[in-house]
Amino acid sequence: MDRTAQLIARPAEYAVAYDPAAPPGTPQLGAPAPGAPHLAALRRRAADVLAGNWTGTSTVPSPGLYPHQWSWDSAFVAIGLRHVSPRRAQTELETLLDAQWGDGRVPHIVFNPSVPLDAYFPSPDFWRSSTAGRAAGAPRTVQTSGIVQPPVHALAAWLVHCADPGLSRARGFLTRVYPRLAAWHRYLLHRRDLGGGGLVSVVHPWEQGMDNAPSWDAPLARVTPAPARSFRRADLDHGAPEDRPTDLDYGRYVRLATEYRDGGYRDGAVRDGDETPESVDMTWRDGSGQDAGARDAGVRDAGVRDARVRDAGVRGGGARDGSGRGGGVRGGGAGSGGQGVGGVEFAVEDPAFNALLIASEHALARIAVELGATGTARHARAERLTAALVERLWDPAEGMFFCRDLRGGDPDPGRRPLTGALIPERGVSGLVPLLLPGLPREVAAALVRTLRGPHFGLGATTGLVPSYDLLGEAFDPHRYWRGPAWFNTSWLLERGLRLHGDQADADALRRAVLDTADTSDFAEYVDPYTGEACGATGFSWTAALTLDLLHDDTTSGTGVMAGPGTPAAGTAITALKGGDRG
C-alpha cells in the first residue's frame with residue numbers, strides 16, 4: 001500500500017488529543033500544581049510580560065524590536081493568554097482578523113499608527129497596502145504588510161474557545177471568526193498551491209517565519225539584493241548584529257518584498273472560476289458586521305458546501321479546480337515574466353507551514369461542529385494534505401521532511417505538479433509535522449529518532465530543539481534561525497511527542513522549556529547548548545507558551561490536534577518567528 005492509500009484508509013474517527021478539558025480527578029489547568037511555588041512565581045512573571053506588551057487591542061512581540069502586531073505571534077500569544085484572560089485572548093485574534101484582506105489573506109503585520117515610521121523597517125510606507133494591495137482587497141482603514149505568516153490561527157481560536165466556552169458563546173466568538181478563518185485557508189489552498197501538488201508555497205522567507213534559515217540560502221542566491229543604501233535596518237538598533245540576519249540577506253528580503261508589492265501582491269495560483277477579491281470578501285463579511293456565512297441556517301462547512309467559493313481541495317494529492325480538471329497554475333505573480341511558478345522568483349513548499357495549516361484544518365472542523373455543522377470534510381481535507389506533505393516533502397533516508405524549492409532543478413517549469421528540488425538542509429521546520437495525528441507510524445517514529453539523534457541532540461546535547469542541524473556547515477548557535485533554539489518550535493514538538501505517545505521525551509522537553517524561559521527572562525531565542533539568552537527578552541510568545549505549559553496537565557491525553565488513527569496517550573510510538581518579520 002502506498003503512502004497516500006495508507007493515510008486515506010485510516011478509520012474515520014476524529015478524537016481531539018489536545019482538548020483542554022481534563023478527566024475527573026486531575027488538577028485544574030488554571031494554576032500550577034500545589035507545592036510548586038517557583039512555578040507560581042514563573043506564572044506571575046509570564047503574565048506580567050503579556051500585560052506589559054499589551055496595547056489595549058493586541059500584544060506586541062517586543063516593545064522595542066517589534067512594536068506592532070505580528071500574525072503568528074498573536075496566535076501563540078492567544079494560546080497562552082487564554083489561561084490569564086480568555087476575553088483578551090479572543091480580542092487578540094479578533095484584532096488581527098479585522099485586518100484581513102478581501103482575498104482572504106491574513107497579513108503578517110498589522111501596523112500601529114501611533115508608532116513612528118522609523119521605529120521599524122519595513123514600515124507602512126514601504127508596504128503601501130491600501131494602494132498596492134487595493135486589487136487584492138487590502139483594508140483601507142488600517143495599514144498592513146502584504147505577505148503572510150504560518151496559519152496557526154484556527155488552532156488558537158479553538159483552544160481560546162475551550163478555555164471559557166460560556167464566554168465564547170455569549171460573545172459569538174467562533175461565529176464571528178469561523179468565516180474569516182475559512183476564507184484564510186481558502187486563500188492559501190486556492191492561490192498559493194504554486195507547484196500544483198496540493199501544498200501551499202511561501203513567496204518570501206518572512207512568510208514561513210524562520211527568516212534566515214539555511215534552507216533559504218539556495219533559493220535566495222538567485223535574488224539580486226536591493227542596494228544597501230535603499231533601506232535602513234531598524235532591527236540593529238535593538239539587537240546585536242551577530243545575532244541577526246546579514247545585510248546581504250536583508251537586501252534580498254527587501255528585493256523580494258518590493259517586487260511582490262510592485263506586482264500588486266498578486267499570486268500565481270488563481271484557478272478558473274475563482275471570484276475577484278471583492279466578491280470573496282462578501283463571503284465572510286457583510287455591511288452589518290454580522291457573518292454572512294453564519295446567519296440564519298448556521299455555519300456551513302466551507303470544506304465542500306460554500307456555493308460562493310468552490311474549494312478545489314487537494315483531491316488525490318493534487319490541486320484541482322471545481323470542474324474536476326487538473327488545476328495547475330495560471331495568472332502572474334509579482335514580476336510575472338513566464339518564469340513558471342506564477343512568475344515569482346522565490347517559491348518554496350515548507351513542511352512547518354503546511355503542517356500548521358493541516359493542524360488548523362482539524363481545528364476548523366472542531367469549530368464547525370461546535371457551530372452546528374459537520375467537520376467531516378475538513379478532517380478529510382487535512383488527511384489529504386497530510387498525504388501530499390508526505391508524498392512531496394518526506395525523505396525516508398534522512399528521517400525528516402525537507403523544503404521543496406519550486407524553482408530549483410526542474411527541467412520543465414511548465415508541467416504540473418511541479419517537481420522542483422528538495423533543499424538538503426536539516427532545519428526544525430522538517431520536524432514540526434510531528435504534531436500531526438495522521439502521519440504514518442513509521443514517519444512519526446523516524447522523526448523522533450532524528451530529533452534525538454546527533455543532528456538535533458534533544459535530551460543528549462540540547463535541552464530545547466535547535467533551529468538547525470548541529471552538524472551543518474551553516475550552524476551558528478546565536479544567529480537567529482541558523483542554530484538557536486526557539487520556544488514556539490519546542491512547544492510544537494512537545495505537543496507532537498505527547499500526541500504520538502512519547503510521554504518521557506515530552507515531559508523532559510516541557511521541563512527544559514520552563515527552566516530556560518525562567519533563566520533567560522523569557523528570551524526571544526537561546527543558544528541551544530547553554531540556554532544563553534539571544535535577541536529580545538520579555539518576549540511575548542515565550543511568556544505565553546510558558547503559561548500554556550504551566551497549565552498543561554500531562555496526565556491527560558494531550559497533543560496539538562487529532563484526526564483518524566490518533567494513538568492514545570501513553571502508548572508506545574509506532575509511528576513558527578518571523579524575526580526580521582518584514
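Quick note: numbers below take in every heavy atom, side chains included, and nothing from hydrogens, waters or symmetry partners.
- Between Trp491 and Phe487, the ring centre distance reaches or exceeds 6.0 Å.
- In this structure, a donor-acceptor pair under 3.5 Å is present between the side chains of His185 and Glu361.
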> Would Arg381 and Ile358 satisfy side chain to side chain contact (heavy atoms under 4.5 Å, CB included), going step by step from the backbone distance to the final call?
Replying inline: CA-CA 8 Å; Arg381 180 183 295 115; Ile358 294 166; over 6 Å; no

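- A pairwise comparison of heavy atoms in Leu385 and Gly198 identifies CD2-O, 3.3 Å as the closest pair.
- Comment: Arg426 engages Asp469 in a salt bridge, judged by a side-chain N to carboxylate O separation of less than 4.0 angstrom.
- When each of Arg498, Arg510, Arg495, Arg452 is paired with Asp505, the salt bridge (charged side-chain N to carboxylate O under 4.0 Å, His left out) condition holds for Arg452 and for no other.
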>> Please determine whether side chain to side chain contact (heavy atoms under 4.5 Å, CB included) holds for the pair Met400 and Phe456, giving the CA-CA distance in whole Å, both sets of side-chain angles, and the decisive distance to 0.1 Å.
In response: CA-CA 12 Å; Met400 65 182 299; Phe456 293 91; 4.1 Å; yes

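- For the residue pair His153 and Trp184, a side-chain donor N or O sits within less than 3.5 Å of a side-chain acceptor on the partner.
- For the pair Gln149 and Val106, the minimum side-chain heavy-atom distance is 4.5 Å or more.
- Between the side chain of Asn212 and the backbone N or O of Trp481, at least one donor-acceptor pair lies under 3.5 Å.
- Under the 4.5 Å side-chain criterion, counting only non-hydrogen atoms from C-beta, Tyr468 is not in contact with Pro528.
- By the 4.5 Å heavy-atom criterion applied to side chains, Val348 and Arg404 are not counted as neighbours.
- Taken from CD in Glu94 to OG in Ser74, the straight-line distance is 12.0 Å, to the nearest 0.5 Å.
- Residues Ala533 and Thr537 approach most closely at CB-CG2, 4.4 Å, considering heavy atoms.
- Side-chain atoms of Tyr187 and Arg192 form a donor-acceptor pair, as typed in the model, at a separation below 3.5 Å.
- For the pair Asn354 (side chain) and Val200 (backbone), a donor-acceptor distance under 3.5 Å is present.
- A perpendicular orientation is assigned to the rings of His108 and Trp70, their planes being inclined by more than 60° (bins at 30° and 60°).
- Using a distance-only test at 3.5 Å, with no hydrogens or angles considered, no donor-acceptor pair links the side chain of Ser467 to the main chain of Val428.
- Contact between Ala75 and Val152 at its shortest, heavy atoms only, is CB-CB, 3.8 Å.
- Side-chain contact, Glu92 with Thr59: a donor N or O sits under 3.5 Å from an acceptor N or O.
- For the atom pair CG of Asp507 and CG of Asp502, the computed distance is 9.0 Å after rounding to the nearest 0.5 Å.
- Tyr525 and Trp486 have parallel rings, their planes meeting at less than 30° on a 0 to 90° scale where 60° marks the start of perpendicular.
- In terms of modelled atom types and a separation under 3.5 Å, the side chain of Glu524 and the main chain of Ala536 share a donor-acceptor contact.
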> Can His478 and Asp527 be said to form a side chain to side chain contact (heavy atoms under 4.5 Å, CB included), step by step?
Replying inline: CA-CA 6 Å; His478 285 186; Asp527 183 308; 3.2 Å; yes

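- Checked against Trp394 for a side chain to side chain contact (heavy atoms under 4.5 Å, CB included), the options Leu389, Leu422, Leu447 give a single hit: Leu447.
- For the residue pair Glu425/Ser215, the side-chain donor-acceptor check at 3.5 Å is not satisfied.
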>> Run Ile79 and Val160 through side chain to side chain contact (heavy atoms under 4.5 Å, CB included) and show every step you take.
In response: CA-CA 6 Å; Ile79 288 170; Val160 166; 5.8 Å; no

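- Atom CH2 of Trp158 sits about 5.0 Å away from atom CZ of Arg366, to the nearest 0.5 Å.
- Of the possible donor and acceptor atoms, one in the side chain of Ser520 sits under 3.5 Å from a partner among the backbone N and O of Ala523.
- Between atom CZ of residue Arg180 and atom CZ of residue Arg176 there is a gap of 8.5 Å, rounded to the nearest 0.5 Å.
- Between Phe346 and Trp216, the ring center distance clears the sub-6.0 Å criterion.
- The closest side-chain donor-acceptor pair between Arg43 and His83, if any, does not fall under 3.5 angstrom.
- A donor-acceptor contact shorter than 3.5 Å links the side chain of Glu207 to the backbone of Val203.
- Summarising the geometry of Val49 relative to Gly538, their closest heavy-atom pair is CG1-O, 3.4 Å, with the distance given to 0.1 Å.
- Between Ala517 and Thr546, the closest heavy-atom pair is CB-OG1, 3.3 Å.
- Here the side chain of His500 pairs no donor or acceptor atom with the backbone of Pro437 at under 3.5 angstrom.
- Put simply, the side chain of Asp350 never gets that close to the backbone of Pro205: no donor and acceptor are under 3.5 Å apart.
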>> With salt bridge (charged side-chain N to carboxylate O under 4.0 Å, His left out) as the criterion, how do Arg82 and Asp164 come out once you've worked through the C-alpha distance, each side chain's angles and the decisive distance to 0.1 Å?
In response: CA-CA 8 Å; Arg82 68 196 172 108; Asp164 191 339; over 6 Å; no

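- Within the 4.5 Å cutoff, the side chain of Ser429 has heavy atoms near those of the Gln208 side chain.
- Within the 4.5 Å cutoff, the side chain of Leu549 has no heavy atoms near those of the Arg511 side chain.
- Taking the six-membered ring where the residue is Trp, Phe539 and Tyr66 present perpendicular rings, their angle passing 60° and hence far from 30°.
- Not a single donor-acceptor pair under 3.5 Å links the side chain of Ser58 to the backbone N or O of Thr95.
- Considering only residues two or more places apart in sequence or on other chains, Glu370 meets the salt bridge (Lys or Arg N to Asp or Glu O under 4.0 Å) condition with Arg169.
- Of the inter-residue distances, the one linking Trp206 atom CH2 with Asp211 atom CG reads 7.5 Å to the nearest 0.5 angstrom.
- Considering only heavy atoms from C-beta on, Asn53 stays 4.5 Å or farther from Ser62 through its side chain.
- Of all the heavy atoms in Ala485 and Leu464, the pair that sits closest is CB-CB, 3.6 Å.
- Atom CD1 of Ile367 sits about 5.0 Å away from atom CG of Leu174, to the nearest 0.5 Å.
- Residues Ile147 and Pro107 are not in side-chain contact: their nearest non-hydrogen atoms beyond the backbone lie 4.5 Å or more apart.
- A distance-only check finds a donor-acceptor pair linking the side chain of Ser360 to the backbone of Pro151 [under 3.5 Å].
- For the pair Leu199/Leu357, no side-chain contact is recorded, criterion being any heavy-atom separation below 4.5 Å from C-beta on.
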